[in-house]
*Asks:* 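Sharing a structure here in structure tokens format.
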Protein chains: 2
Amino acid sequence: MADSSTEEKIREAAHVVFTRKGFAATRTRDIAEEAGLNLALLNYYFRSKENLFDIIMKENMQRFLKGISGVLNDESMTLKAKLTVIAENYINMLEKNPDLPLFILTEIKANPEKLAVDMNFKEIILRSNFYAQLREALGNKLNPFHIIMNILSITIFPFAASPILKIVGELQQNDFNALMEERKKMIPLWIEAMLKVE
Amino acid sequence: MADSSTEEKIREAAHVVFTRKGFAATRTRDIAEEAGLNLALLNYYFRSKENLFDIIMKENMQRFLKGISGVLNDESMTLKAKLTVIAENYINMLEKNPDLPLFILTEIKANPEKLAVDMNFKEIILRSNFYAQLREALGNKLNPFHIIMNILSITIFPFAASPILKIVGELQQNDFNALMEERKKMIPLWIEAMLKVE
DNA sequence: GTCTATAATTCGATAGAC
DNA sequence: GTCTATCGAATTATAGAC
């Protein structure tokens, strides 16, 4: 990090600032300052703010999928085992990238067509072994998509809402992290309990 | 709505645009266009973009609390009854204001001090009869704040993530609405199931 | 490659006619 | 009160020296 190339410094700074503040609220000056470099270098290496943003967007989209995609189609794992691994991996990733959820939600809403590019969320989730296992566990009591939404909700939402939750719950960063650690164990149990609801 | 005053037209347009795009991505010209009026009138009636935004922010914060605060301290209702009313009211509100969650999450993150103004989320939730009932139902198995987070998560997150969920689940607006209707009934059942987890 | 200085554009705000 | 025209500040992008 200390002596990475100039191009790399800019990319890292752009990652930090864009992910924290989103496209619209970010000024290229913020990125230059974060990188400890001159404003002109951003355009020299990346041509435009949009172009630099698109690179960061792709990185963030991939990070958002990583940690799930590998697990979903492992046919040797039970549903419960998959839930455990997914919750663990995802919360680990979110602890390192706490700004990611709000970034993804905001930028996809502003620019939905960027979701379709490259990666097929549809294929990855809806045609996975995991989804089939969910469907089987539910019988035809319920649309399995509800459970997908619930897993994503209870895993991701606390990070997206952390500024509010910290104030409401009077939590320091330490307290918040401790709660998220507890959730790694609890989320699979909660989801299993939901699956049994009639 | 058709022949409301100019000031009211601006306020309505500002509500729509600010809530959909957030402060940073909104241009005052967008609001003027949405209102079908001239740009100069915004400053004539509201002095500045910031000032107009603060008004919309307050409206949206209050709307975000309405539908909960009344129920939380009704001592005649059981926990289950409260959960039912909260899920029902909140999803009704979110169906009418689908942009509200992302707006609140984004603007509080950008400006956390605006949460403290006026309303005390802390008091309203943590010292409510509802919270006491949660604590009792859980014994000391679990920090009740987890359940608060879970209620908020499974209720609010699907609206914040709706652009993504629609693409991933191949849902039209009709399909999405139908799922949210189902959730009104399911959320209390899911939360009750979570409370029993050891 | 890197920097300073500046051009070009966008955007919030205002002056002034009606 | 409402509009057109425009100013001035902020911001992206670039020219040109080193």
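Order of the sequence lines fixes the chain letters, A, B, ..., with proteins taken first and strands second; residue numbering starts at 1 for each chain. All values reported here derive from a predicted model rather than from experimental measurement.
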*Asks:* Is there a donor-acceptor contact under 3.5 Å linking the side chains of B:R183 and A:N150?
*Replies:* yes

*Asks:* If you take all heavy atoms of A:H146 and B:L179, which pair is closest and at what distance?
*Replies:* CE1-O, 3.2 Å

*Asks:* In chain order, what residues pass the side chain to side chain contact (heavy atoms under 4.5 Å, CB included) check against B:K49, with sequence neighbours excluded?
*Replies:* B:F18, B:F23, B:T28

*Asks:* Figure out the CG/C1' separation between B:L42 and D:dG1, and round it to whole Å.
*Replies:* 14 Å

*Asks:* Run the side chain to side chain donor-acceptor pair (under 3.5 Å) test against B:E107 and tell me which residues pass, sequence neighbours left out.
*Replies:*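 Once residues adjacent in sequence are excluded, B:E107 has no partner under the side chain to side chain donor-acceptor pair (under 3.5 Å) criterion.
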
*Asks:* Sugar-phosphate means primed atoms, P, OP1 and OP2; the rest is base. With that split, encode nucleotides 11-18 of chain C 5' to 3' as B, S or - using protein heavy atoms under 4.0 Å.
*Replies:* BBBBB---

*Asks:* Got a sec? Which of residues 14-24 of chain A come in under 4.0 Å of DNA chain D, heavy atoms?
*Replies:* none

*Asks:* Quick one: label B:F46 by what it contacts on the DNA or RNA (base, sugar-phosphate, nothing), any heavy atom closer than 4.0 Å.
*Replies:*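 The answer is nothing, as B:F46 stays clear of every strand by at least 4.0 Å.
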
*Asks:* Grab the CG-P distance between A:L52 and D:dT11 for me, whole Å please.
*Replies:* 17 Å

*Asks:* Holding to ring pair (Phe, Tyr, Trp, His ring centres under 6.0 Å), I want the full list of residues that pass it with B:F159, two or more places apart in sequence or in another chain.
*Replies:* B:F176

*Asks:* Using a strict 4.0 Å threshold on nitrogen-to-oxygen distance, state whether A:D74 and A:K82 make a salt bridge.
*Replies:* no

*Asks:* With a 4.0 Å cut-off on N to O distance, would you call A:D175 and A:K166 a salt bridge?
*Replies:* no

*Asks:* Holding to ring pair (Phe, Tyr, Trp, His ring centres under 6.0 Å), I want the full list of residues that pass it with B:F46, two or more places apart in sequence or in another chain.
*Replies:*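 In terms of ring pair (Phe, Tyr, Trp, His ring centres under 6.0 Å), with neighbours along the sequence ignored, B:F46 is linked to no residue.
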
